[in-house]
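Here's the structure, in structure tokens; my notes come after.
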Amino acid sequence: MTSENSGTGQAGRTGLVVTVTEAEPVVRACRDRLDPAVRSGIPPHVTVLFPFLHESRLDGGTLAEIEAVIGRHRPFEARFGDFGRFPGTLYLAPRPDAPFRALTEAVVDRWPETPPFGGEFDEIVPHLTVAQGQDEAVLDGAEADLRDRLPFVTRVASVDLMVHDGSRWRPRASFALR
């Protein structure tokens, strides 16, 4: 989820994310300065699927189906120690990334009308954004600032459903990996 697609006027949009609380002390200062998504309530995370179903489609049956799809995956650990870039964006790449890809693929298999990032990109690249909308010199500085704070490891045991209320992203539900 990025600031470009998380702005106001998007009430009812949803996304599935792995919230990475261990990243908060490492990337908070950088994200506060260099990631506009922070202002809309997006926590440090790896996106599983965005955009997902509109909130109006999230009835009890759908939530149970999400729980079943996510629950078929086992908890895992991910290490964040490597940087990657998209144009104007600096991110941390999780290793391994295959379990994140598997989660995305499983959700898309069930809801094929929700391709990752609206089908904008050909490849799924699991990542934790730390800066976006910045020039290369700013990204170089952010990478230098963060390098000595890495690596960190997280245990992935759940996927969170986030809903946009028109101004901020809010957690709606959490689904356990089993």
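All heavy atoms count here, side chains included; hydrogens, waters and symmetry mates do not.
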Residues which pass side-chain hydrogen bond (donor to acceptor under 3.5 Å, both in side chains) with R57, listed by chain and number, not counting sequence neighbours: E113
Qualifying side-chain hydrogen bond (donor to acceptor under 3.5 Å, both in side chains) pairs, either residue in residues 98-109, two or more places apart: D97-R101
From L92 atom CG to L90 atom CG, the distance as rounded to the nearest 0.5 Å: 6.5 Å
Q132 CD to Q134 CD distance, which is reported to the nearest 0.5 Å: 8.5 Å
Shortest non-hydrogen contact from H164 toward W169: CD2-NE1, 3.1 Å
V125 reachable from V18 in the ILVMFWY side-chain graph, under 4.5 Å edges: no
Derivation and outcome, side-chain contact (heavy atoms from CB on, under 4.5 Å), residues T14 and R172: CA-CA 9 Å; T14 68; R172 162 90 183 262; over 6 Å; no
Close side-chain approach of F50 to V17, heavy-atom, < 4.5 Å: no
Any side-chain heavy-atom pair of S174 and V159 under 4.5 Å: no
NE2 on H45 to CG on L16, rounded to 0.5 Å: 11.0 Å
4.5 Å side-chain heavy-atom contact, P126 and V46: yes
Residue pair I42, R31: steps toward the side-chain contact (heavy atoms from CB on, under 4.5 Å) verdict: CA-CA 10 Å; I42 298 175; R31 286 187 77 231; 4.2 Å; yes
Derivation of the side-chain contact (heavy atoms from CB on, under 4.5 Å) call for L139 and L34: CA-CA 9 Å; L139 299 180; L34 304 174; 5.9 Å; no
Considering all heavy atoms, the nearest T114-P51 contact: CB-O, 3.8 Å
Atom pair SG (C30) and CG (D145), whose distance is rounded to the nearest 0.5 Å: 7.0 Å
R74, CZ: over 12 other non-hydrogen atoms inside 6.0 angstrom: no
Residue pair T47 / F117, side-chain heavy-atom distance below 4.5 Å: yes
Connected via hydrophobic side-chain network under 4.5 Å: V163 and V38: no
Set of residues satisfying ring-ring contact (aromatic ring centres under 6.0 Å, His included) with respect to F86, sequence neighbours excluded: Y91, H127
CZ/R168: more than 12 non-hydrogen atoms of other groups inside 6.0 Å: yes
Sub-4.5 Å side-chain heavy-atom contact between R72 and V69: yes
Expected output: side-chain R149 to main-chain P25 donor-acceptor under 3.5 Å: yes
Interatomic spacing from CG in L53 to CD in E65 - rounded to 0.5 Å: 9.5 Å
V48 with V108, same ILVMFWY side-chain cluster at under 4.5 Å: yes
Partners meeting ring-ring contact (aromatic ring centres under 6.0 Å, His included) with F83 (sequence neighbours left out): none
Atom of H73, atom of A102 and distance for their closest heavy-atom approach: CE1-O, 3.6 Å
Chi angles and distances behind the side-chain contact (heavy atoms from CB on, under 4.5 Å) call for I124, F100: CA-CA 9 Å; I124 299 167; F100 292 103; over 6 Å; no
Test item: F52 and M162 side chains (from C-beta on) under 4.5 Å apart, heavy atoms: no
Least distance between heavy atoms, A23 atom then P44 atom: CB-CB, 3.9 Å
P75 vs R155 side-chain heavy atoms within contact, under 4.5 Å: yes
Pairs flagged by side-chain hydrogen bond (donor to acceptor under 3.5 Å, both in side chains) wherever residues 78-88 is involved - sequence neighbours left out: R85-E136, R85-D140, R85-E143
Those residues that, when tested against F175, pass ring-ring contact (aromatic ring centres under 6.0 Å, His included) (two or more places apart): none
Interatomic distance, R170 atom CZ to E55 atom CD [nearest 0.5 angstrom]: 11.5 Å
Validation row: V130, D35 side chains within 4.5 angstrom (heavy atoms): no
